[in-house]
Novice: 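Before anything else, here's the structure in question.
Nothing here was measured: the structure is a model prediction, and the numbers come from that model. Numbering starts at 1 and runs along the sequence shown.
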Amino acid sequence: MADAFPFIGGRIALNFVGTLGKRSTEKLERLRTPDDLARWVELAGLGSISTDEADLEAARVLREALYVLTMATLDRGPLRRADVELVNERAAHETPAPALAITRATALDPKALGRRDPQPSASEVLAVVARDGIELLSGPDAGSIRECEDPDCTLLFVDTSRSQRRRWCSMNNCGARAKMRTLRAAH
Ligand SMILES: [Zn+2]
């Protein structure tokens, strides 16, 4: 069965980084095939793309550069010029142009404006991801990036909570497990 992708990062770039999970232990690779990449892009709302092995490789390389840069931002890893250049290079590619389409809405109002479904290339999608990473890591949200406190999880997210005290990728997963552990320890 295909892996479910976590979309808990609050940002395209962090959700993309999260396609490799459990980074501190066995590493859970969710982008195993070009089809996995196409599926992620679709679920991320970035359009329908066709992908090949080269796209998959490019995607993984970008993902790991974004991960290393994010960890450097958190002061938990080296800041490497090669990663900066790689992200910049990817971001310099074209991104998909938004396009209007005239769609049929209802019988009474047969014409309505909508958005044409994007059918970008893989390179255009990776440019969107890279640009989001640049905006994130150089913008005001950089200070709110957190890693899930479950040491096995390693998912990253932007903490948009007012208290700035979000600890878990998800209260349903890691948050609930931590709660169980606390309860058991108390008994
Ligand atoms: Zn987690």
Side-chain angles (χ1 to χ4, degrees), residues 1-74 76-99 115-139 141-142 144-148 152-158 169-170 173:
M1 204 187 89
D3 288 309
F5 293 115
F7 284 97
I8 55 84
R11 294 292 292 239
I12 294 171
L14 294 184
N15 286 336
F16 192 60
V17 166
T19 59
L20 183 64
K22 301 187 189 296
R23 287 170 174 273
S24 59
T25 50
E26 73 259 40
K27 291 198 189 344
L28 173 58
E29 177 59 85
R30 297 181 174 96
L31 296 182
R32 283 191 292 258
T33 67
D35 278 353
D36 291 336
L37 176 60
R39 201 161 53 84
W40 183 86
V41 170
E42 183 98 50
L43 291 170
L46 299 174
S48 306
I49 64 169
S50 56
T51 48
D52 60 21
E53 287 291 342
D55 299 326
L56 178 64
E57 178 60 21
R60 286 185 185 150
V61 168
L62 171 64
R63 180 186 68 188
E64 295 317 299
L66 287 170
Y67 175 71
V68 172
L69 290 174
T70 305
M71 293 312 273
T73 301
L74 296 175
R76 290 183 41 200
L79 187 54
R80 299 189 307 216
R81 193 172 300 274
D83 297 311
V84 170
E85 282 166 4
L86 194 136
V87 171
N88 288 348
E89 197 274 321
R90 269 288 147 206
H93 288 259
E94 297 264 327
T95 52
R115 198 60 103 81
R116 192 168 69 206
D117 280 343
Q119 291 195 317
S121 66
S123 153
E124 286 175 327
V125 167
L126 294 184
V128 170
V129 174
R131 289 180 191 202
D132 185 61
I134 290 172
E135 242 172 68
L136 172 66
L137 296 174
S138 64
D141 282 351
S144 300
I145 300 171
R146 309 270 181 271
E147 187 180 43
C148 178
D152 287 342
C153 174
T154 71
L155 285 178
L156 297 162
F157 55 86
V158 173
C169 62
S170 149
N173 295 319

Novice: Can you sort out the partners of E147 under salt bridge (Lys or Arg N to Asp or Glu O under 4.0 Å), two or more places apart, ordered by chain and number?
Specialist: R76
Novice: Scan for salt bridge (charged side-chain N to carboxylate O under 4.0 Å, His left out) pairs involving residues 59-72, sequence neighbours excluded, and state none if there are none.
Specialist: R23-E64, E29-R60, E29-R63
Novice: Determine the minimum heavy-atom distance between P120 and V125, stating which atoms define it.
Specialist: CG-CG2, 3.6 Å
Novice: Go through the steps for L20 and K27 under the test side-chain contact (heavy atoms from CB on, under 4.5 Å), then give the verdict.
Specialist: CA-CA 7 Å; L20 183 64; K27 291 198 189 344; 4.3 Å; yes
Novice: Out of curiosity, N173 CG to C148 SG, how far, rounded to the nearest 0.5 Å?
Specialist: 8.5 Å
Novice: Of all heavy-atom pairs between A13 and V129, which one has the smallest distance, and what is that distance?
Specialist: CB-O, 4.0 Å
Novice: Going by the rule side-chain hydrogen bond (donor to acceptor under 3.5 Å, both in side chains), which residues pair with R80 if we only count those two or more places apart in sequence or in a different chain?
Specialist: D83
Novice: Mind checking what makes side-chain contact (heavy atoms from CB on, under 4.5 Å) contact with I8, not counting sequence neighbours?
Specialist: P6, L155, F157, R166, C169
Novice: The test is side-chain contact (heavy atoms from CB on, under 4.5 Å); show your working for L69 and L79 and say whether it passes.
Specialist: CA-CA 6 Å; L69 290 174; L79 187 54; 3.8 Å; yes
Novice: Could you pull out the closest heavy-atom pair between A127 and T95, with the gap in Å?
Specialist: CB-CG2, 3.8 Å
Novice: Sequence neighbours excluded, which residues qualify as side-chain contact (heavy atoms from CB on, under 4.5 Å) partners of E94?
Specialist: E124
Novice: Could you go step by step and tell me if L56 and T51 meet the side-chain contact (heavy atoms from CB on, under 4.5 Å) rule?
Specialist: CA-CA 7 Å; L56 178 64; T51 48; over 6 Å; no
Novice: Rounded to the nearest 0.5 Å, what separation is found between the CG atom of L37 and the CD atom of E53?
Specialist: 10.5 Å
Novice: Any donor and acceptor pair, going by atom type alone, linking the side chain of R115 with main-chain N or O of A99 inside 3.5 Å?
Specialist: no
Novice: Is it the case that more than 12 heavy atoms not belonging to Q119 sit under 6.0 Å from its CD atom?
Specialist: no
Novice: Say whether, by atom type as modelled, one donor and one acceptor occur between the side chain of R131 and the main chain of A91 under 3.5 angstrom.
Specialist: yes
Novice: Tell me, with the steps shown, if L74 and L156 meet side-chain contact (heavy atoms from CB on, under 4.5 Å).
Specialist: CA-CA 11 Å; L74 296 175; L156 297 162; 4.1 Å; yes
Novice: To check you understand the geometry: which heavy-atom pair defines the closest contact between L62 and F16, and what is its length?
Specialist: CD2-CE2, 4.4 Å
Novice: Can you tell me how far apart OG1 (T70) and CZ (R146) are? Round to the nearest 0.5 Å.
Specialist: 13.5 Å
Novice: May I ask you to say whether D132 pairs ionically with R11, meaning some side-chain N is under 4.0 Å from a carboxylate O?
Specialist: yes
Novice: Output the distance between atom OG1 (T19) and atom CZ (R39), rounded to the nearest 0.5 Å.
Specialist: 11.0 Å
Novice: Any side-chain heavy atom of D117 sitting closer than 4.5 Å to one from S48?
Specialist: no
Novice: With sequence neighbours excluded, what pairs up with D55 under the side-chain hydrogen bond (donor to acceptor under 3.5 Å, both in side chains) test?
Specialist: none
Novice: First locate atom CG of D141, then atom OG1 of T73, and finally report the distance between them rounded to the nearest 0.5 Å.
Specialist: 12.0 Å
Novice: Side-chain contact test, heavy atoms from C-beta onward, threshold under 4.5 Å: evaluate it for L14 versus L66 and give yes or no.
Specialist: no
Novice: Minimum heavy-atom separation for A4 to R30, with atom names?
Specialist: O-NE, 3.2 Å
Novice: Between T154 and G21, what is the shortest heavy-atom contact and its length?
Specialist: OG1-C, 4.1 Å
